[in-house]
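Input: a single structure, listed below in structure tokens.
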Amino acid sequence: MNFVQPNDLVRVLPEIVLAGFAILVMVLDPFVSSGRKSTLGWLALVGVAAAAYSTSWTSLSPGTAFNGNVSADEFSMYFTLLFLFVAGLTLLGSVHYLERDGINHAEYYSLVLMATLGMCFMAASTELIMIFLGLEISSISTYILAGFKRSNAQSNEASLKYFLLGSFATAFFLYGIAFVYGISGSTNLTDLNVHLARSTGWASMTSVALLLMFVGLGFKVSAVPFQIWTPDVYQGAPAPVTAFLSVGPKAAAFAVVLRVFLVGFAGVSSLSFWLIWISALLTMSLGNLAALWQSNVKRFLAYSSIAHAGYVLVGIAAALAPGALNITRAEATSSVLFYLAAYALMNVGVFILIAHLAGPGERYTNVDDFVGFGFERPGAAACLAVFMFSLAGIPTMAGFFAKFYVFRAAIHSNLIGLTIIALLNSVVSVYYYLRLVVVMYMREGKSEASHVDMPASLGIAMAASLFGIFYLGLLPGSFLDLANLAANRLP
Amino acid sequence: MNQPFAHFLTVLTFLPLAGAVSIAFIRPDAASRIRWVALLYSVAALVLAMLAFFSFDSSRAGFQFTEVVPWINSPAISYSVGMDGLSLLLVLLSAFLTPLSILASWKSIHSRPKEFYLFLMALEAGMIGVFVSLDLFLFFLFWEVMLIPMYFLIGVWGHERRVYAAVKFILYTMVGSALMLVGILYLFKVTGTFDLQIILSELPGLWPSLPGSAQTWLFLAFFLAFAIKVPMFPFHTWLPDAHVEAPTAGSVILAGVLLKMGTYGMLRFCLPLFPQAARDFAPIISVLAIIGILYGALVAMVQPDMKKLVAYSSVAHMGFVVLGIFAFNINGIEGAIYQMCSHGVSTGALFLLVGMLYDRRHTRLITEFGGLATSIPLFSTFFLIVTLSSLGLPVLNGFVGEFLIIVGAFHVKAAYGALAAVGVVLAAVYLLWMYQRVFFGEVTNSKNKDLPDIDAREKFILVVLVLVILWMGVYPNPLLRRIDTTTAQVIQRVSAGTAQMAGGTAVKIGGPAQ
Amino acid sequence: MPILFYIFGALVILAALGVVLQRTPVYSALSLIVVLCALAVEYLLLGAEFIAVIQVIVYAGAIMVLFVLVIMLLNARREVPSSRSRMAGWLGAPLLAAFLFEMLYAVWDYLPAESANWPAARPAGPAPIGHLLFQNYVLPFEVTSVLVLVAVLGAVVLAKKEL
Amino acid sequence: MMETLLLLMLCPPLVGAALNGILGRRFSRGTVSAIGCGASGLSMVFALAAALNLMSHSGTADYFYNSYFTWIQSGNFTADFALYYDRLTLVMTCTVTVVAFLIHLYSRGYMEHEGGTYRFFTYLNLFLFMMLTLVTAANFPLMFVGWEGVGLCSYLLIGFYFPRKSASDAGKKAFIVTRIGDIGFTLGIALIFWTFGAVDFHTVFHYAAGMGMHEKEGVFTAICLLLFLGAVGKSAQLPLYVWLPDAMEGPTPVSALIHAATMVTAGVYMVARTSILFAHAPAALEVVSAIGCLTAFFAATIALCQNDLKRMLAYSTISQLGYMFVGCGVGVFAAGIFHLMTHAFFKSLLFLAAGSVMHGLNGELDMRKMGGLRHKMPTTHLTFLVATLAISGVPFLSGFFSKDQILAGAYLGPLGHPWIYWLATLTAGMTAFYMFRGLFMTFYGESRLDHDLEHHAHESSSQMTVPLITLAFFSIVAGYVGLPHPLDGLSNFLEPVFAPAQALLKSAFPESNSSAMSEVTLMGFSLGAAALGIGLAWWFYLKSPQIPARIAASLGGLYELLLHKYYVDEIYNALIVRPIRVVSEKVLWPAIDAGLIDGLGVNGPAARAMDAGGVLRRIQSGNLRSYAAWVLLGAVAWLGYILFVH
Amino acid sequence: MVPLSHVLALSLILFVLGAAGFIFRRNIITIFMCIELMLNAVNLAFIAFARQHGQLDGQLYVFFVIVVAAAEAAVGLAIIIALYRNKESLGVDDLDSMKM
């Protein structure tokens with residue numbers, strides 16, 4: 001008997017391609033001289049492109065694969081492409097960075113591909129063990145990446161903290177899986193849903209399972225109070241890694257959150273709704289308020305990414321809101337998907353830009369290092385300003401529509417109070433985003449930040465993310481349709 | 001269709017933006033070329049605005065020059081623009097003040113002229129966009145986008161405390177617009193569209209199916225945003241800071257146009273959309289407006305800084321506008337609209353003048369001056385005329401609006417009219433006192449002795465302004481007639497909405513109480 | 001049979017306490033090995049023979065050897081008492097107690113009856129497990145290989161002296 | 001015809017002002033004054049032509065009305081640029097243009113040595129235009145234009161010597177204080193609009209005339225009181241008179257034209273113009289006469305002790321304006337207007353003569369430093385004497401007739417009252433006293449001039465004396481237009497204007513028969529008062545000049561009080577001006593604006609947000625064990641929440 | 001047979017002890033071992049539930065978890081070695097170069 005159907009393979013084709021290229025990079029490593037490792041970076045980029053291209057085959061035969069363990073549908077495809085985009089941008093931002101800081105090793109590129117692979121599985125799996133494995137692959141890869149500057153104590157520290165806390169949280173997540181298994185006798189989310197719909201009792205056990213999974217996932221998306229690791233790790237990790245870290249695993253975890261709470265635990269959505277509601281409130285408030293004090297760019301962006309997770313949680317709360325119609329739910333889900341895409345554009349862009357501007361060894365990451373930068377390097381500064389405005393949610397940029405859609409969904413689900421708080425939060429956030437703009441343009445002085453011209457790779461990445469930011473900011477319609485399509489795949 | 005040519009408003013709105021783009025392609029050190037390009041585009045926009053003014057059919061109700069292009073499918077957002085009398089006047093005002101601001105900055109902006117004019121042009125596009133948008137979303141978009149150039153204008157080319165002022169400006173405004181966004185989204189939830197005209201026609205029928213307090217909260221959400229922009233007491237404290245720190249052109253645009261967006265919003269959205277709530281809140285708002293009038297005047301009186309004085313005077317003057325709007329009668333509202341324009345011109349002119357003075361002496365402290373009428377007589381004369389227009393002297397522009405507002409407010413409550421009239425006296429107090437201290441007396445400070453009087457460029461700016469001031473004061477009819485239908489519609493909606501809510505009791509609006 | 005479970009259960013807890021309370025990492029590691037072995041017995045009692053064997057061979061054997069090796073390599077001595085975490089110092093114990101209480105509460109709520117009506121144990125030798133693994137769980141299995149690859153890569157890149 | 005004439009009357013001053021204002025700096029002094037005088041002369045010519053035109057068409061229409069263009073229109077509110085010309089307007093325009101023309105002529109000489117002549121003539125012409133607008137306006141808003149316009153010119157002219165702080169202070173004060181009155185005018189217009197649905201005279205008056213007595217009396221009273229508040233400000237009545245004495249800081253021709261003859265009488269004109277409204281509001285009329293009477297008396301008492309020639313004349317003006325209001329207030333509007341006219345002549349003459357004295361004495365105004373000038377300035381002396389006689393009510397000069405009519409009305413008029421009469425008569429006596437005191441101190445007795453001035457003192461040129469003589473002529477003869485029988489008396493002339501109001505009042509207050517006997521008696525009293533005043537002045541200031549000092553010493557406090565003008569300025573300052581300023585400076589701005597709103601309301605939340613952030617970021621201690629504890633805390637809290645709370 | 005709840009209680013106690021070790025131990029390696037304790041607690045639960053449901057799947061999950069634990073151990077210990085090279089310390093309280 002055949003354990004594996006040909007279709008199964010097509011449906012995980014992007015992952016296979018990624019794995020293949022990851023291995024290829026390692027295999028070719030010994031044949032590339034140490035000064036030219038960047039070639040491997042470009043090879044990895046080709047891998048990403050190939051994986052992205054392979055999704056077109058996958059899309060021809062949508063459906064579940066491997067006994068329903070994974071599902072190749074619009075939802076997973078959306079995320080796959082998102083992860084590939086993030087990986088691509090990260091690679092573009094990394095090539096020059098690694099060279100500059102003397103850590104240009106093949107393993108880096110390979111690990112990025114592997115992590116992407118893990119994230120793809122997280123988004124595509126409909127079964128908890130596969131999700132767990134995907135999570136572990138992406139986590140372990142990123143643990144390593146965070147500590148990739150082996151000689152840098154902060155990088156080590158970030159890596160270790162991320163690793164220990166990540167494992168700690170994973171243990172909770174896994175325990176949650178165990179309880180789900182205990183309740184339903186299966187780790188398949190659809191089964192769980194069916195089971196919960198059939199049996200009314202055992203509420204406490206369900207709650208425990210839900211809670212434990214939320215601890216694990218909340219850790220990954222950095223929802224309060226599980227956000228605790230984020231600032232240290234984002235600050236300590238090499239900036240391109242932070243770029244990757246702040247978007248990829250987070251988006252993947254959100255994909256899982258959507259699947260777990262909207263599919264698996266759909267029957268107890270009133271429970272998860274309040275959980276997410278309060279969590280959203282705390283997350284965005286803490287992120288924004290604490291960011292007010294930060295003087296390190298990477299650290300304040302870390303807090304900002306916490307705040308953004310809060311906004312996404314608002315969208316999820318909208319999807320879970322009691323009494324929300326199916327159409328509202330789909331709208332909320334699609335707003336979350338849209339938000340993640342916009343967030344990816346902004347955050348990856350800004351971190352890889354900072355990686356470049358901070359100079360060798362990331363020496364200049366303090367806000368004050370950018371005094372007067374605006375008119376010294378108009379191009380780079382303008383990019384940075386656009387990222388800031390977009391993160392702050394100023395119209396004509398992606399960040400605005402992202403928030404707009406999320407808030408629209410929230411209003412449709414009658415979460416008016418939460419929306420108002422979210423909007424006030426985004427006003428607070430304007431303050432610290434603009435701080436960088438203020439420093440760059442409105443203060444007199446000589447900046448410390450790197451005056452080296454942007455390498456071509458970074459230039460491409462910037463062009464791509466800026467184009468994306470304005471495209472989503474001006475003509476978000478078609479992309480939102482895509483997100484809608486993906487969202488409708490979630491029952 | 002009396003549209004002069006296809007896509008008229010689109011061209012008008014985006015022409016300045018095209019100017020900004022053109023400027024982006026000029027070398028940064030070609031300052032003079034940049035200035036001329038900016039001037040050219042802004043004058044072209046002015047010409048178009050005047051074209052709109054003349055081809056506007058004031059007898060027709062509703063919006064003219066309309067253009068609707070679907071923009072985003074879900075949610076359905078369309079690029080929908082159009083003009084009624086109210087927008088027409090404000091667009092004209094924006095298009096009028098921008099070239100003047102450019103001229104005024106001709107010699108005073110030395111650093112980074114490219115970015116400066118670029119932002120100025122972008123700002124103009126944003127302003128016009130706000131006034132012509134007929135889609136709530138589009139409106140909100142322009143409303144927010146416009147903050148950025150202004151933020152930079154204040155923050156980069158401003159004075160000592162520019163950063164504080166710029167940040168305060170943007171945060172203050174954003175708090176308001178955040179709530180407005182909630183209101184807009186709620187309206188969308190209820191009506192399923194952002195199209196203002198559809199919302200206007202459908203909303204009245206929907207109120208019964210909504211929670212009773214919905215209208216109140218929606219009104220407040222919109223109103224707060226506008227009240228901050230106006231700014232109404234007690235939301236006014238961003239204004240003095242922003243005005244004082246902004247460069248001249250920034251102050252001119254800020255006072256001349258940006259403040260009007262608040263009152264524009266009230267007329268365009270708050271009153272027609274939420275008539276019942278508007279009436280319910282009218283007493284409180286009127287009282288706040290009057291407090292603003294008196295308070296602004298009193299605080300203006302003791303300001304040591306001329307720009308700050310003018311800023312607080314704006315608080316007072318805009319209080320008049322709000323008072324007129326919430327009188328809900330023809331006189332009040334037409335007066336308010338007229339006052340918006342005339343305040344734009346006079347206060348804009350005042351800021352230009354203070355800016356010219358600043359160019360000469362690099363200070364705005366009143367105590368630094370004295371006796372300027374002796375050393376720069378021509379300048380003093382222009383300053384006097386503008387001062388008089390600002391304090392509402394008949395035959396000059398300020399009078400018409402203020403007088404109509406007082407007449408309108410008097411009908412609502414005699415005390416409103418009386419207190420507003422007290423505000424007129426106070427305006428004379430602070431303006432004339434300032435004028436006296438700056439221009440009269442002996443020249444005590446030797447630095448003031450040999451100041452150059454105005455040059456040809458400045459003279460041109462001031463003559464244009466004075467002509468407009470006179471024209472608006474002597475022959476306001478062309479402007480007033482163009483807002484008749486708008487006013488009538490607003491009033492009709494307010495009264496209809498009330499009648500409906502109050503179970504058919506008609507409320508008498510306007511007209512003599514014979 | 002139950003008595004065996006409780007005996008080894010107690011052993012598990014005692015050894016785990018040892019892991020937690022020992023200040024010297026090597027002692028902790030040894031205690032952990034005891035925990036793992038005792039757990040293997042529990043698995044056996046619960047009808048998971050194959051896993052019990054894996055537990056001893058892979059876990060107690062391979063993984064713990066790695067731990068001990070690193071402890072030796074880094075010469076990890078008795079830890080120096082330091083208390084820079086007020087949060088953990090003051091709230092740690094109450095939080096742990098509360099967590100345990102809540103979880104036990106939930107579990108007891110879920111399983112009120114003391115009845116132990118287990119279904120008959122399925123044979124859990126290598127054959128049925130292998131069958132299941134390569135039939136239903138072939139993808140996870142393959143994916144674990146990627147995981148291991150990542151781990152190898154990571155270990156190399158981080159721990160190697162020179163790259 | 002008429003519409004053109006009126007425009008022709010209005011335009012020359014405007015054109016003159018524009019010419020001088022825009023180009024005046026490049027013109028020679030001669031050109032400037034020629035334009036100025038020419039404009040006012042033309043205006044006078046057309047004013048007279050318009051008068052003749054109206055008279056020749058008398059009978060066909062009571063008034064002429066023409067709208068030139070729509071000025072403000074909003075809903076029902078329509079204010080056209082429209083002119084209204086009836087006999088009242090005729091009297092006003094003729095008086096204004098004649099006096100103005102003469103003063104323009106006079107100014108040529110007076111301003112000979114001053115700088116900025118072009119400014120002076122610009123303002124003066126502009127003033128004339130505004131004043132004519134005021135009196136010819138056909139609706140309230142347009143009248144308000146003139147009203148504010150003259151105020152503006154007054155402001156500019158008072159502050160003509162702007163380097164002097166007292167001058168610019170005075171100008172500002174004049175503008176602001178009259179503007180306080182304008183609150184009333186503005187609101188009055190608003191109330192008129194909401195009552196009648198219109199603001200133009202013929203509609204409003206038509207409605208009002210058609211209404212019965214006591215109909216809507218409350219509204220009428222409100223309207224009239226509001227309008228009168230405007231008049232109080234403009235015509236310097238209690239309690240808003242304080243600006244007028246200070247206004248003497250301006251050049252003397254200005255004081256003569258604006259602050260004696262024309263602008264300050266605008267209030268009287270307004271009350272007369274709206275007589276029909278006032279007739280509906282007897283209570284308001286009573287307020288008018290009471291205020292007028294009190295002001296007349298009050299200002300006269302201050303004038304008694306003034307040593308500054310122009311200030312004395314200013315208080316005298318206030319006092320005389322009070323008279324006019326008494327006339328209007330008691331219901332004899334024609335008498336008020338009559339006095340307005342005669343007063344315009346003799347008071348402007350007084351000022352011009354004083355200006356001539358000043359001119360001759362290098363600007364000296366303190367009468368204590370004058371004396372005996374009649375020899376050095378014979379013409380000035382003579383004309384001053386004529387005017388003094390006229391204002392004192394000496395028979396057969398203009399003041400006698402007009403004042404007598406008012407006094408008679410105060411006793412016998414529809415709303416007359418004995419105490420008003422007696423107070424007015426007393427005031428008449430005081431007027432005679434202080435005017436002659438001024439005359440004697442200036443022109444008679446020993447010279448008290450400084451040595452330098454002694455030589456400098458000279459008679460003014462003919463440019464100045466000719467207008468003086470002309471005005472003296474008018475001061476004598478102007479009274480005769482008012483004589484009831486020999487000529488067609490002014491009262492009869494104005495009959496068509498005031499008839500409706502008179503009729504209404506007559507019906508409401510059937511007056512006691514005005515027998516010739518009692519009128520003569522009353523005349524006797526007033527003559528007696530004047531004689532007494534003149535006599536006392538002669539005794540005090542010519543016969544035994546030491547007496548005033550003794551009286552001053554014996555009265556002590558009272559004298560001080562009068563000398564310091566009852567400390568009204570100081571009281572206003574302490575009660576109104578300073579508190580407003582202190583509250584604004586010490587409370588509103590720092591405490592409310594910066595403290596409460598910005599501090600608590602704006603920066604407060606911002607600071608709280610920062611504080612909150614400061615606390616929250618402490619969670620991020622960097623310690624891994626704490627982090628784990630936080631994660632655990634989250635788990636415990638959430639679990640507790642969903643197990644026990646949810 | 002023992003009741004399921006007792007097995008779960010054992011698992012829970014083990015889990016909490018692991019967490020306690022994470023919070024109270026200062027040595028990084030010990031902390032890491034405590035995580036292993038937690039994973040074993042989960043494994044016990046899996047086995048118990050598998051027995052409860054009469055399935056083998058749960059045991060398979062344990063198999064996967066052991067693989068993951070092995071991978072984590074390899075990487076984690078590598079990280080610890082890398083850190084030790086830079087810091088010369090295994091004290092967890094020394095890791096606070098980034099805070100607030």
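Hydrogens, waters and symmetry mates are skipped; everything else that's a heavy atom, side chains included, is used. Numbered from 1 within each chain, the chains take letters A, B, ... in sequence-line order.
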Which of D:D611, D:L639, D:L633 touches chain A most, by non-hydrogen pairs under 4.5 Å | D:L639
Residues that A:A309 engages under side-chain contact (heavy atoms from CB on, under 4.5 Å), provided they are two or more places apart | A:K250, A:F254, A:T283
Could you pull out all donor-acceptor pairs under 3.5 Å where a side-chain atom in residues 168-180 of chain A meets a protein atom, sequence neighbours excluded?
residue : atom : partner : partner atom : Å
A:T170  : OG1  : A:G166  : O            : 2.5
A:Y175  : OH   : E:S11   : OG           : 2.5
A:Y175  : OH   : E:L12   : N            : 3.4

Turns out that what part of A:L160 lies under 4.5 Å from chain D's heavy atoms comes down to neither
Measuring heavy-atom distances to chain D, does A:L164 have an atom under 4.5 Å in its side chain, in its backbone, in both, or in neither?
-> side chain
So, D:Y627 versus A:W229, ring centres under 6.0 angstrom or not?
-> no
So, the part of A:V208 with a heavy atom under 4.5 Å from chain D: the answer is both
Part of A:V428 lying under 4.5 Å from any heavy atom of chain D = neither
Flag the one option from A:L292, A:T230, A:L210 with the top tally of heavy-atom pairs under 4.5 Å to chain D.
-> A:L292
From the options D:L225, D:V219, D:L226, select the one residue that forms a side chain to side chain contact (heavy atoms under 4.5 Å, CB included) with D:I223.
-> D:V219
Assign the ring pair A:Y162 / A:F219 to parallel, tilted or perpendicular, where the plane angle (0 to 90°) is split at 30° and 60°.
-> parallel
